[in-house]
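Have a look at the structure below before the remarks.
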Amino acid sequence: MKLAFVVQRYGAAINGGAELHCRWIAEHMSRHADVEVLTTRADDYITWKNHYRRGREVVNGVPVRRFGVRRRRDPERFGRAQERVFGNEHAVADELHWLDEEGPRAPGLIRYVRRHRADFDYFIFFSYRYYHSYWGIRAVPEKSVLVPTAECDPVVQLRIFRDLFRLPRAFVYNSVEEREMIRRASGNDGIPGDVVGVGIEVPPASSGARFREAHGVGGDYILYVGRLDENKGCPDLFRNFVRFKEETGSPVRLVLIGSSVLPIPDHPDILHLGFLPERDKFDALDGALLLVMPSFYESLSMVTLEAWAMRKPVLANALCDVLKGQCLRSNAGLFYEDYGEFREALSLLLAAPDLRRAMGENGRRYYEANYSWDRIEAKYLALLRGLEGNVKA
Amino acid sequence: MEYRIDYDRIDVADIMEQVKRKAAERGAAPGPEAPGPSVPPPPPEAPSERPVAPSPAPPARGWKGLLKRTLRFFLRPYLPFLIAADEWYRFRTNLPVLVRIDEVVTDLMRTRDGLQEGLSEARGDLSARIVMTQETAKLLHNLSHNLVVELTKLKVEEEALKSKVRVMEKEFETLGKREKAIEKKVFE
C-alpha cells in the first residue's frame, strides 16, 4: 500500500497540533506501508514563509517532498477577508478568497497530487481548513482520506467546507464530538469514517523530583501545558486561579509550560517556564497534582491524553465539547463552565487524593484502550483495508 | 454538603452534578467564605441646591473704610453702566473668535447640505436604476414567457404539419397506385 500524507507544514521541529499529529501517524504508518509526505516549505504558520529547501528530504525515516508557498499570508488582508466572511453576509466567492488569503498557497503541491494520483493508493489530508486540503481533495476525491482536526468554531459552517465534507472517500476523526459536528454541518453520514485520534508515547522514566530540582518548583502545583493565548482560555484560567487563591487561601501553585503571546500575571504562585523539551514536560506532568486545560477550541488535546497516560486527572473547560466528552467517557477528569464550578471542582480534586488517584487510573485505562500506538495503527489499517478495491498491500 | 463518591466506580457525570449543585448553593447564599457582591462605595455628597451665600466681609474701618463707602455711594447709580461696559469689552475681545466659529459652522453646514444634496441625487439615481432594472427584469420575464409560448405553438404547428405531410404522402401514394391500376385497365 502506498500512502501520501498531505499537510500544511512538516518538520521534526514543528510541534503544532495537527502537524505533529500528522508526523506521528506518518512515522508509525511507515511500518505498514510505503509512505511519502507532501507538504510546503513553510515553517511559520502565521506567514507561511518558505523556510525549508524545495524538493525531497527524509525526516525521521519518512520521505518528505516540499513545494513552495507562492504567496505569504498578509495578516491585514487576511483579517479583512476574515471579517467579511465571519461578520457579514457573503458569497461563496468571498469564502474562496478567504481560503486563498489563509494559505498556505502552494499550487505546485496540488498539481503534484493531480499528476501522481495513480502512484498512490490513498492521499491522507490533515486539517480541512487550509488550501492544501480543499484543493487537494478536489483533485483526488476518490482516493482521499480526510483527518479534519476540526474544532468547534465558525469555520466549519462555511459553505465551501460543507461541500468539501461530502467529497472524501473516508474520514478519520479525532473524537466523537468532532464527528457529530461535521455530520451536523454537512450531512455526510454516508461517508465511512472512524474515530481514531493519535497515539501517545510515554517516556519510560519520568520524574517529578527531577523537574522540581531543575526548575526550582516547590510545593504542590497544577499544570498547564500548551501555547498561552486567548483561544486556549488562558486569561480565564489566570483570573479563576488568582480568585481561587484569594478566596480559599490554598497554597497550590500554577505552573505554565509553553510559549506565550499573552502577558502573564505577576503573581508569586504563577510560574511560567516557557517552552520545555518533551522530557521536562513529562517530568512536569509526573510531579503535578493535575492538568488544567482551559481551552475553548480543541479537536483532541494531545496533552490531555498525555496527562491520562501519566495517570493524572484533568480539570477541563466544559465549554469545549471535546474535552467535556473525553472527561465523561474516561471518567478521568472534571470540568467547569464558570468560576463557581472551577472553584468547587478544583477544591474537590485538591482535597481528595483518593479521587485523583482513581481518576488517574481511569485515565490510564482510557489511554491504553484507545490511544496506544498499536490501537491507532490497527484502526488506520482497518479503515484503509475496509475501503473497497485498490488496496495492494 | 459533602460529596458522595464511590472510589471503586468513579462516575464523573454524578460528581459533576454534585459540583454544580454545590457551586449553585454557594452562588445563591454567599457565606463568609465566598463574599457576595461587594458593596459599592457611597456616592459623593450631593451638592445643596442653592449655593450658600458667602458671609459678608466685616465692614472696613478707619479712613479706608470711609473712602470705600463714599466711592460706593457715588458710583452705585453708574454701576450697571460699568458692568455693561465690561461685558461689551469682553464681547469685543471675543468677537473675532466668534466670527471665525460662525464661518466654520457655516462652512460645515454648507458641506453637509452639499453632501445631502449629492446623497439625495445618488439615491434618486439608484431608485431610478432599481426601478429600471425591475422593469427590465419584468420585460425579460414576459419576453421569455412569450418565447416559450410561441415555441410551444410552433412545435405543435410543426407536429401538425408533419402529420399533414405524412397524410399527403399516403394520399399521394394511394393516388399513384390508383393511377397505375387505371393505366393498367386502360392498356388492357
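First the proteins, then the strands, lettered A, B, ... as listed; each starts at 1.
Electrostatic pairing of B:E158 and B:K162 counts as a salt bridge here, judged by a charged N lying under 4.0 Å from a carboxylate O. Ion pairing of A:E368 with A:R364 is present here, as a side-chain N (NZ or NE/NH1/NH2) and a carboxylate O approach within less than 4.0 Å. Comment: B:E183 does not engage B:K180 in a salt bridge, judged by the lack of any side-chain N to carboxylate O separation of less than 4.0 angstrom.
For a residue to count as touching a neighbouring chain, one of its non-hydrogen atoms must lie under 4.5 Å from one of that chain's; by this rule A:E337 touches chain B with the side chain only. With a threshold of 4.5 angstrom between heavy atoms, A:F342 does not approach chain B through any atom at all. Heavy atoms closer than 4.5 Å to chain B are found nowhere in A:A318, neither backbone nor side chain. Contacts of B:I5 with chain A are made by side-chain atoms alone, with heavy-atom separations under 4.5 Å and no backbone atom involved.
Of the listed residues (A:D354, A:L328, A:L348), the greatest number of heavy-atom pairs within a distance under 4.5 Å of chain B belongs to A:L348. Each of A:N362, A:T248, A:L334 has some count of heavy-atom pairs under 4.5 Å with chain B, and the biggest count is that of A:L334.
A search for salt bridge (charged side-chain N to carboxylate O under 4.0 Å, His left out) contacts involving A:E230 returns nothing, not counting sequence neighbours. By the side chain to side chain contact (heavy atoms under 4.5 Å, CB included) test, A:F296 is found to be paired with A:D236, A:N317, A:L319, residues two or more places apart in sequence or in another chain being considered.
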